[in-house]
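What follows is a set of notes on a single structure, which appears directly below.
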Amino acid sequence: MSFLSVHIRAADERFLSSLTCSIEGGFFKVRNEEGSLDIQLRIREAYPKTYCRAGKDGSYVFGYGVSNGLDDEFLECTIWPDGRLDIRRDSFGTLPLFYGKDDKLFALSNVYGDICKTLECTISERGILDALGAEVPMQTTYAEQVIVLWEDQFLRREADGHLVILEQASEQELPEIAPDNFNEFFSSYLDNFILTRLTDRSVAFEASGGLDSATLHQYYARKYPKNITWMASLLYRDEYQFSQEAKIKKLIDSTNSNFVYRLLDDPMVQFPLSRMITTDKYVPDYFEKTYFEPTLEYLKELAVAGVQVICTGVGGDELFSNTPQSQDVVSKEALFRPASFTTVLFREKYTAKREGHKRQAATRVSSASYASLCNNIYIEQGIWPVSPFLSSVLCQIVKQLPVHFRANKNILRAFHQAHGYIPEIYNPTQNEDFRPFFKACFCAGVYDTAIQQIAKNAVSVRYGYVDADILLRMYERTKSRYSERDAFDIYMWLTTEIN
């Protein structure tokens, strides 16, 4: 069941009956007398707390969190008796939101599949173009009627059903932080992050043994040594197994953490997209974690243990390693890298669609938007995901640092060293590479049947955008002579077609 859903049915006349709010089955529910309006919001007492209260002019205000400062996390919604609806998003967009309408209904939900089932949807040719072109961020979903409500956006549904979407982001006056002062600034930033999100809550930390995910965990453990936390990891069985396990063990010992984990050791069972391919009950989704199934297993354990908030390292790779910002002001043509199995028609149409269009400057790392689309796996278990690296404020400040301080995450490594954190993490003799397991899955033949069957009736093939013969030959070749780029292109094509 979704965390938030809104359904407003079209009416011949404006419905002006009063709204009521009730609590049923763990949800706030707002309705009107005609039954043409139905809103459900899950009740959550932990961070970020949800609410539903009476507003002005017979309206109801509902959402989560607060909006007092630049880095606050919130969702603010107002519904009026005549069917007007306002939704204001923060700069984090932790809860994925999709909306759309047809002649009969306006629908909004954090679950993409719910919207697809509710509305009369058709396949979006633009969405297929964006997916095959690795558009960041995608302008459309795979369904023509379903749209993503991104962070920093404001959506208004007028009483007559007309939709208005506005961008809220504005330039903020931010301080310039000299490299010598970064340690003090970042410590203060993490203190506020802990105060607003983690204090007096049952907390878990996702850890890979890498630098990013270990930062907040070690900082928190030093500040609050008596607090017992949880740690969750996916452990890989490959050439990096022993170095990863050594780091994880040191992290457990130094942070006083309970530990849950899943081994990724069976490519024939734990392969990405397995739940989509091996079951006929799959509901279409729009982005999800690569290793969804094993992640869900340990999240269920954490939920039983009462964990309310989980901290991840999402965004750290881009923020501190000088990765080019794919949303920066650059020509879209300069970023276009079509898969080799796409056709001339696709390249012409995609180039024409993007011609003359410039990307807007990024307010945070580009991975942040896509990370939010994967958050339902946490939220459905009652666990709210947070990361200290997804702040637009932090992103803008870090981008001011000289390149050589960000390259190789030098400034973050210096932060770890100054605080006396685990040397094997901030100055490792070996950097783990978790891609070999994906390679093992890809080369094991687990996708053979799905790719063969889907290629015959693929939407992208019917549109003339993909040459099925070239794709199938490339797939067979990549299994024996592995190419990371080709494997990724095939994987993204398969994900798009399944959904």
Taking the side chain as everything from C-beta on, heavy atoms only, tell me whether [X] gets closer than 4.5 Å to [Y].
| X | Y | result |
| --- | --- | --- |
| Leu263 | Leu234 | no |
| Tyr47 | Val386 | yes |
| Lys49 | Glu45 | yes |
| Asp130 | Tyr350 | yes |
| Leu166 | Gln153 | no |
| Asp469 | Phe341 | no |
| Cys21 | Tyr60 | yes |
| Ile454 | Leu494 | yes |

So, does [X] use its side chain to make a donor-acceptor pair with the main chain of [Y] at under 3.5 Å?
| X | Y | answer |
| --- | --- | --- |
| Asn110 | Phe3 | yes |
| Asp86 | Cys77 | no |
| Arg157 | Ile8 | no |
| Thr351 | Glu348 | no |
| Thr141 | Val146 | yes |
| Thr199 | Ile194 | yes |
| Gln145 | Thr122 | yes |
| Lys29 | Ile39 | no |
| Thr496 | Met492 | yes |
| Asp102 | Lys104 | yes |

Give the minimum heavy-atom separation between [X] and [Y], together with the two atoms involved.
| X | Y | result |
| --- | --- | --- |
| Arg197 | Asp71 | NH2-O, 2.9 Å |
| Pro338 | Arg485 | O-NH2, 3.3 Å |
| Gly133 | Phe346 | N-CZ, 3.7 Å |
| Leu198 | Val203 | O-CG2, 3.7 Å |
| Pro96 | Ile379 | CD-CD1, 4.4 Å |
| Leu119 | Ala107 | CD2-CB, 4.3 Å |

Those residues that, when tested against Tyr447, pass ring pair (Phe, Tyr, Trp, His ring centres under 6.0 Å) (two or more places apart):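 Applying ring pair (Phe, Tyr, Trp, His ring centres under 6.0 Å) to Tyr447 gives Phe271.
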Looking at [Y] and [X], is any side-chain nitrogen of the basic one under 4.0 Å from a carboxylate oxygen of the acidic one?
| X | Y | result |
| --- | --- | --- |
| Lys101 | Glu120 | no |
| Arg89 | Glu151 | no |
| Lys349 | Glu125 | yes |
| Arg9 | Glu34 | no |

Test side-chain hydrogen bond (donor to acceptor under 3.5 Å, both in side chains) applied to Lys117 and Tyr112, step by step: CA-CA 9 Å; Lys117 289 187 296 183; Tyr112 171 77; over 6 Å; no
Working for side-chain contact (heavy atoms from CB on, under 4.5 Å), residues Tyr491 and Leu273: CA-CA 9 Å; Tyr491 173 77; Leu273 307 182; 3.6 Å; yes
Greater than 12 external heavy atoms within 6.0 Å of Tyr261's OH: no
Step-by-step salt bridge (Lys or Arg N to Asp or Glu O under 4.0 Å) determination, Glu24 to Arg31: CA-CA 12 Å; Glu24 302 173 29; Arg31 303 184 180 98; 2.9 Å; yes
Those residues that, when tested against Ser213, pass side-chain contact (heavy atoms from CB on, under 4.5 Å) (two or more places apart): Ala207, Ser208
Intermediate values then yes/no, side-chain contact (heavy atoms from CB on, under 4.5 Å), Leu108 and Phe106: CA-CA 7 Å; Leu108 177 142; Phe106 167 84; 4.2 Å; yes
Worked verdict on Ile115 versus Tyr99 for side-chain contact (heavy atoms from CB on, under 4.5 Å): CA-CA 7 Å; Ile115 304 294; Tyr99 69 95; 5.9 Å; no
Ile128/Tyr463 under side-chain contact (heavy atoms from CB on, under 4.5 Å): CA gap, chis, key distance, verdict: CA-CA 9 Å; Ile128 301 300; Tyr463 278 136; 4.2 Å; yes
Cation-pi, Phe292 ring and Arg275 (6.0 angstrom, 45 degrees):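 Judged by the rule, Arg275 and Phe292 form a cation-pi pair.
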Arg435 to Phe438, cation-pi by 6.0 Å centre distance and 45° axis angle: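 Verdict for Phe438: no cation-pi partner in Arg435.
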Aromatic contact, Phe442 with Phe437 (centres under 6.0 Å): no
Between Tyr64 and Trp384, ring centroids under 6.0 Å: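 When the ring centroids of Tyr64 and Trp384 are compared, they turn out to be within the sub-6.0 Å range.
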Intermediate values then yes/no, salt bridge (Lys or Arg N to Asp or Glu O under 4.0 Å), Glu318 and Lys399: CA-CA 10 Å; Glu318 286 183 83; Lys399 284 174 66 176; over 6 Å; no
